[in-house]
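Read the numbers this way: they start at 1 and go in the same order the structure lists the ligands and their atoms.
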Amino acid sequence: MLSATVTADPAFVVGPVRRRTFGSFVEHLGRSVYTGIHDPQHPSADADGFRGDVIELVRELGVSTVRYPGGNFVSGYRWEDGIGPVAQRPRRLDLAWHSTEPNLVGVDEFMRWCARAGVEPMMAVNLGTRGVQEALDLLEYCNVAGGTRWSDRRRENGTADPYRISMWCLGNEMDGPWQVGHKTAGEYGRLAAETARAMRMVDPDLELVVCGSSGSAMPTFGEWEHVVLSEAYEHVDHVSAHAYYWETDGDLASFLASTVDMDHFIEAVTATADAVRAAGKHTKRINISFDEWNVWYQHRAESRPPSGDDWPVAPVLLEDRYNVADAVVVGSMLISLLRHTDRVHAASLAQLVNVIAPIMTEPGGRIWRQTTFHPFALTARYAKGEVLRLAVDSPVHETARFGDVATLDAVATHDPETGEVVLLATNRSVTDDVVLDVDLRGFPGLRVVEARTLSHPDHTWSATADDESSVLPRPNTTAKVADARARAELPPVSWSMIRLGRA
Ligand code: AHR
C-alpha cells in the first residue's frame, strides 16, 4: 500500500471552474448525427427526428457547449446544402469520411436540437475548400436579425430571431495533411486572420477560435502556433488544441499517465501564445479551446473510412467500446483541464454520441452509457466555484513513455457559496493501492458528503446495452474525515470523486 498527501487551501485559487470546460462535439461522421442524435424511426423522436432519449442523456452528462459540424467534415462542407425544405437538399460526397452526406440535418435543425438539449452551440466554418465569403454568409444567416439575403432566408426557413452564436471555430485541424484543403501555417494564419477580421465587422462580440495543432506529436507543433498566432493574434480569442490517447502494446502504465503529455501540451501552447503576445506588444492574452480530447483507438479497423466505390450514409465508424482504464484516463484528462483553468477557457469531449462517445445508441433501439460517461458526468455536476492549486506529495513510479510519473494525480474545486470542496483523483498505479491523506487545515468542519470510485477487478471491463451497472462508480466506504484530514483508499487503475461539505 502506497501513501500520498495532498494539501488544500482556499487561498490557492487557479481560476474559476468554467462551464465551457464540459463541452462536447457532434460531427457529421459515422453514426454521430444519423441514427445518433437524429433517428426519425425511434419511438422517442420529435418532429425534427431527434431522439428524446439521447437528449435526456446529454442533459444527464452535463454537457455545456457542442461543437458542430466538424471536425474533418467541415473542411469540405457547404452549409447552404443543409437549409430549406429537406426534400430539396442535395446529397453530397463527404471526402473526409468517404461517406454520403444526405443533408437531412443542417444548421436550423442543429440549433433546434441545441435548444432542446440546453447546450450552447460552437459553430465551425469551412476554411479548407472555402474562405472568407462563405464564413460571412453563414454568420449572416445565423446572427443577423433580418433584411439581408441570408438573414431573410433563415426567417423564410422558420426562425425569426437570430441565433446569436457566440463561439466560432475558424476551420478544423488545418495543420493536418489529411485535412481537405490542408494549408501551411503561413497560408492558414493569413486566411484565419482575414476571416476573423471580416466576421468581427459583422459582429464584434464573437469569440473566435483559431486552429492550433492536431496533437503534440505533429512535426509542426509549436512552430505552427507561433506562425498562426503571429498572423492572427489581434483578431482571435482562443487557439485550439486536440489530443487523443490510447493504450499501445499493453503498456497500461504509460496510458494511465497520458496527462503528462496533456499538461505539457497546454503549457507549451500558452508559452508560445505568450511569446507572440510579448513580441507583438499585444495586451490581451490568447487562451486555449481544447476542443477535441478523448481516448481514441485510432489503429482499429472501425477508425478507417470506407474506400473505393462505397460511399455509405452513416457507416459504423470510430465506435470505440471503452473499458474502465479508458474511463480513468478520461477522468484524468478532466483533472488536467481543470488544473489549467486559468488558460483553458473551453474544451470539447470528442465526441458525444456513437463516434468515440460516452453515449451509444442502436438504430431505432436502445441507448446506453459507456464507462467514460461517468467521470465526465460526475465532474460536470459537482466541480463548481473555483479550481484550487493543490500541494501534492505522491510516490512516483516508472513508465516506458514518460519516465517517472506521480502515482497520484489530483485537483480540487471549492465553491465559496456552499463551502463544498470536491477532490478529483486518479491512482495511476497498475498494481498498488494508494492511501490518500488530504490536509484540510484551511477548511474547518468538513465531512464526507459523497465519495465514489470508478475501478474494477478487471480494468478491461466495458459497459454494454445489456449491462451498464458493473462499471458504475461505486461508493468509496473508506473515505473519512477526522482532525481536519480526509483519508481514502484508492485502488489501482482508478478515478475517484470525494465531495466534502459542511457538517
Ligand atoms: O473526432 C474525430 C476526428 O479527429 C475529427 O474529425 C478531426 O478533427 C480529428 O482528427
Do Phe290 and Ile266 touch side chain to side chain, with heavy atoms closer than 4.5 Å?
-> yes

Ligand 1 contacted by Phe73 (non-hydrogen, < 4.0 Å) = no

Option from Tyr68, Tyr163, Trp79 for which ring pair (Phe, Tyr, Trp, His ring centres under 6.0 Å) with Phe110 holds | Tyr68

Donor-acceptor pair, side chain of Thr100 and main chain of Trp311, under 3.5 angstrom | yes

Going by an N to O cut-off under 4.0 Å, is there a salt bridge joining Arg112 and Asp48?
-> yes

Please report which non-hydrogen protein atom sits nearest to atom 4 (O) of ligand 1, along with the residue it belongs to and the distance in Å to one decimal place.
-> Glu292 OE1, 3.1 Å

Taking atom 10 (O) of ligand 1 as the reference point, the nearest protein heavy atom with its distance = Glu173 OE1, 2.7 Å

If you scan protein heavy atoms around atom 6 (O) of ligand 1, the nearest is Glu27 OE1, 2.7 Å

Do the side chains of Ile356 and Tyr322 get nearer than 4.5 Å, heavy atoms only?
-> yes

Report, in ascending order of atom number, the atoms of ligand 1 lying under 4.0 Å from any heavy atom of Tyr244.
-> 1 (O), 2 (C), 4 (O)

If you scan protein heavy atoms around atom 7 (C) of ligand 1, the nearest is Asn72 OD1, 3.2 Å

Note the single closest protein heavy atom to atom 2 (C) of ligand 1, along with its residue, its atom name and the distance in Å.
-> Gln351 NE2, 3.5 Å

Validation row: Val209, Asp237 side chains within 4.5 angstrom (heavy atoms) | no

Would you say Asn172 and ligand 1 have an N/O pair spaced under 3.5 Å apart?
-> yes

Output the list of atoms in ligand 1 that are nearer than 4.0 Å to some heavy atom of Gly71, sorted by atom number.
-> 5 (C), 6 (O), 8 (O)

Minimum side-chain heavy-atom gap Ile335-Arg339 below 4.5 Å | yes

Proximity of Trp97 to ligand 1 by residue part, where a heavy atom lies under 4.0 Å | side chain

